[in-house]
Q: 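Before I ask anything, let me first share the structure, which is written out below as structure tokens.
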Amino acid sequence: MIFPALDSLDSLRVPASAAAIGVRAVRVTAADDDGDKGTGDDQQIGIATKTRAKPKKPSQFKVLMLNDDYTPMEFVVLVLKRYFHMDLEQATRVMLHVHQRGVGVCGVFPYEIAETKVNQVMDFAKENQHPLQCTLEKA
Ligand code: TYC
């Protein structure tokens with residue numbers, strides 16, 4: 001065995017991007033010479049990674065658009081076409097749904113893509129001085 005002691009493998013936090021492909025981090029420690037009296041002074045000597053036998057598929061997030069009283073309808077349609085690749089008819093339908101119901105789904109994506117879209121929409125709205133709000137929610 002490469003490591004002197006693999007008897008204290010504590011799961012550690014791993015970034016979402018690594019977790020998504022099934023990587024789990026474990027703390028690898030070398031036991032000290034106290035016969036494991038639990039003095040807690042074992043040395044951490046590295047981080048090993050394991051890959052899940054059954055990788056989890058990345059969790060999905062809805063990108064939601066919220067209604068407000070000031071953003072022009074044409075601007076919302078432009079946003080839906082530009083960032084969510086909708087045609088005019090689809091974008092108009094989603095915009096009207098949000099206008100009438102208060103909230104609507106622009107699309108469902110893996111976390112990092114959903115987050116990027118929210119940031120793009122919010123930046124574009126701010127640049128154009130519209131109060132349009134966009135957020136994400138676990139699907
Ligand atoms: N309610 C806005 C208006 O009457 C239009 C609008 C639709 C704004 C959807 C935001 O997400 C939105 N001009």
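Reckoned from all heavy atoms, side chains included, excluding hydrogens, waters and symmetry mates. This is a predicted model, so every value here is computed, not measured. In listed order, ligands and their atoms are each counted from 1.
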Q: Other residues, nucleotides and ligands only: do more than 12 of their heavy atoms fall within 6.0 Å of CD on Q100?
A: yes
Q: Give the ring-plane orientation class for F124 versus F75, where under 30° counts as parallel, over 60° as perpendicular and anything between as tilted.
A: parallel
Q: Among V103, V63, L64, V121, find the residue that satisfies the side chain to side chain contact (heavy atoms under 4.5 Å, CB included) test when tested with T135.
A: L64
Q: Taking L88 as the starting point, is it possible to reach L96 by hopping between hydrophobic residues whose side chains are less than 4.5 Å apart?
A: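 Same hydrophobic cluster.
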Q: For the atom pair CG (L136) and CD1 (I113), what is the distance rounded to the nearest 0.5 Å?
A: 12.5 Å
Q: Could you check atom 6 (C) of ligand 1 against the protein and tell me its nearest heavy-atom contact, residue, atom and distance included?
A: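 The protein heavy atom lying closest is N67 OD1, 3.4 Å.
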Q: Main chain of E89, side chain of D87: is a donor-acceptor contact present, judged purely on distance under 3.5 Å?
A: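 Such a contact is found between D87 side chain and E89 backbone.
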Q: Can you list the ligand 1 atoms lying under 4.0 Å from a non-hydrogen atom of V98?
A: 9 (C), 11 (O), 12 (C)
Q: Is any side-chain heavy atom of D68 less than 4.5 Å from a side-chain heavy atom of L132?
A: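 Yes, their side chains come closer than 4.5 Å.
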Q: Can you list the ligand 1 atoms lying under 4.0 Å from a non-hydrogen atom of M65?
A: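 Near M65, meaning under 4.0 Å from one of its heavy atoms, ligand 1 has 11 (O).
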Q: What is the nearest protein non-hydrogen atom to atom 5 (C) of ligand 1, stated with its residue, atom name and distance?
A: T71 O, 3.3 Å
Q: Given that the side chain starts at C-beta and the backbone is N, CA, C, O, which of these parts of D68 lies under 4.0 Å from ligand 1, counting heavy atoms, or is it both or neither?
A: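 D68 to ligand 1: contacts from backbone and side chain alike.
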Q: Considering only protein heavy atoms, which is closest to atom 4 (O) of ligand 1, and at what distance to one decimal place?
A: H99 CE1, 3.1 Å
Q: Short N/O distance, under 3.5 Å, between D69 and ligand 1?
A: no
Q: Give yes if a backbone or side-chain nitrogen or oxygen of M95 is under 3.5 Å from a nitrogen or oxygen of ligand 1, and no if not.
A: no
Q: Considering only heavy atoms of L66, which atoms of ligand 1 have at least one such atom less than 4.0 Å away?
A: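 Here the atoms of ligand 1 in question are 10 (C), 11 (O), 12 (C).
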Q: Please evaluate residues T116 and N119 with respect to the criterion side chain to side chain donor-acceptor pair (under 3.5 Å), reporting the C-alpha separation (whole Å), side-chain torsions for both, the decisive distance (0.1 Å), and the verdict.
A: CA-CA 5 Å; T116 299; N119 290 333; 5.8 Å; no
Q: Should you measure from each heavy atom of L132, which atoms of ligand 1 turn up under 4.0 Å away?
A: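 Near L132, meaning under 4.0 Å from one of its heavy atoms, ligand 1 has 10 (C), 11 (O), 12 (C).
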Q: Would you say Y70 and ligand 1 have an N/O pair spaced under 3.5 Å apart?
A: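 No; every N/O pair is 3.5 Å or more apart.
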